[in-house]
Amino acid sequence: MSAFMILSTLLAVVVVAYYILKKYNPIFTFLFSGVIILIFAFYFTGAPIPKSPVRESVSFLDVLLDSFAFITATFKTQLAGVGLIIMSVAGFAAYMKHINASAKLAFLANKPLGKIKNKYLILSGTFIVGMALKIVISSYAGLLLLLLACIYPVLIALKIRPITAVCVLSLIALDYGPKDGNSINMADMVGQKDNVVELF
């Protein structure tokens, strides 16, 4: 059964990737794929839909509505925390782009930073600045949006290749450290919630 579920998950990933590459709306693609996976898991494994009421007989319509109710409840909890941070940072990044502040910042930063001949020094400094921002911005999506809106245009203006700039920025958003989600979740799972630093 576990091998069957792994194959089913891989199939779902391939189907979602296919529709996203075909330029379908990614939000609806992920939403409908999530609902289909929940229904599929209910019928093939007997696992109940999370947070659904206990019923004696369950129809397909009940399973469908319970799936949407679970997704709605998940959205409410996520949007109240991390979602608001991501939306506020995304709004700031969109505003920066709209008023051409990113281009102006790149133009101003190009004068002093353009004197540095070794581009690897600039990339190392970018990494250090990003890690400092990571301490105060807990959302990795928000941090990447901020870096792409502010620092990426500066790196491009300094004639650093786009792939190199993106590699450095993506390294900043890696999930490592005692305050990161994986470390906290791992500590919670093994009963060491108050000892995250030492466990890490």
Side-chain angles (χ1 to χ4, degrees), residues 9-10 12-31 33-34 75 78-187 196-200:
T9 305
L10 290 174
V13 170
V14 169
V15 170
V16 167
Y18 171 79
Y19 281 110
I20 287 177
L21 290 173
K22 287 288 183 181
K23 306 294 184 192
Y24 282 78
N25 189 320
I27 296 170
F28 289 108
T29 303
F30 282 114
L31 175 68
S33 66
F75 279 171
Q78 293 296 323
L79 285 175
V82 178
L84 286 176
I85 297 171
I86 293 173
M87 283 191 289
S88 60
V89 174
F92 174 74
Y95 181 69
M96 288 273 291
K97 187 176 180 182
H98 178 70
I99 64 173
N100 287 329
S102 300
K104 290 172 185 168
L105 175 65
F107 176 74
L108 290 172
N110 196 15
K111 290 181 180 178
L113 293 176
K115 296 174 183 176
I116 302 173
K117 300 300 179 187
N118 191 342
K119 303 301 180 190
Y120 293 108
L121 285 175
I122 297 170
L123 293 171
S124 301
T126 301
F127 184 78
I128 293 168
V129 168
M131 293 306 287
L133 285 172
K134 187 179 176 186
I135 295 171
V136 293
I137 301 176
S138 58
S139 166
Y140 294 110
L143 176 62
L144 274 177
L145 282 170
L146 190 64
L147 293 174
L148 287 173
C150 299
I151 296 180
Y152 180 75
V154 173
L155 297 177
I156 298 302
L158 292 168
K159 297 187 172 66
I160 292 172
R161 292 192 310 155
I163 189 71
T164 308
V166 168
C167 286
V168 171
L169 297 182
S170 60
L171 274 175
I172 294 167
L174 280 179
D175 198 12
Y176 55 86
K179 75 164 198 66
D180 291 329
N182 285 338
S183 301
I184 294 169
N185 191 28
M186 178 181 64
V196 182
V197 175
E198 195 171 323
L199 182 70
F200 174 76

So, taking the atom named [atom1] in [X] and the one named [atom2] in [Y], what distance separates them when rounded to the nearest 0.5 Å?
{"X": "L155", "Y": "N110", "atom1": "CG", "atom2": "CG", "answer": "11.0 Å"}
{"X": "I116", "Y": "I122", "atom1": "CD1", "atom2": "CD1", "answer": "5.0 Å"}
{"X": "M131", "Y": "L171", "atom1": "CE", "atom2": "CG", "answer": "9.5 Å"}
{"X": "K159", "Y": "R161", "atom1": "NZ", "atom2": "CZ", "answer": "15.5 Å"}
{"X": "N100", "Y": "H98", "atom1": "CG", "atom2": "NE2", "answer": "8.5 Å"}
{"X": "K22", "Y": "I20", "atom1": "NZ", "atom2": "CD1", "answer": "14.0 Å"}

Y95: what forms a ring pair (Phe, Tyr, Trp, His ring centres under 6.0 Å) with it, not counting sequence neighbours?
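Checked Y95 against ring pair (Phe, Tyr, Trp, His ring centres under 6.0 Å); zero matches.
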
L10, CG: over 12 other non-hydrogen atoms inside 6.0 angstrom:
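Atom CG in L10 is packed in, count exceeds 12.
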
Within a 6.0 Å radius of atom CD1 on I27, are there more than 12 heavy atoms belonging to other residues, nucleotides or ligands?
no

List the atom of F30, the atom of V16, and the distance in Å for their closest heavy-atom pair.
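The pair with the smallest heavy-atom distance is CE2-CG1, 3.7 Å.
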
How close do P153 and A149 get, counting heavy atoms only, and between which atoms?
CG-O, 3.7 Å

So do the side chains of C150 and L105 get within less than 4.5 Å of each other, counting heavy atoms only?
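Answer yes - side chains close enough.
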
Contact between Y152 and L147 at the side-chain level, heavy atoms closer than 4.5 Å - yes or no?
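Sidechains of L147 and Y152: no contact.
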
Between K119 and L158 (side chain of the first, backbone of the second, donor and acceptor by atom type, cut-off under 3.5 Å), is there such a pair?
yes

Sequence-distant partners of Y120, side-chain contact (heavy atoms from CB on, under 4.5 Å), two or more places apart:
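By the side-chain contact (heavy atoms from CB on, under 4.5 Å) rule, Y120 matches N118, L123.
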
Qualifying residue for side-chain contact (heavy atoms from CB on, under 4.5 Å) with L143, from L148, L169, I172:
I172

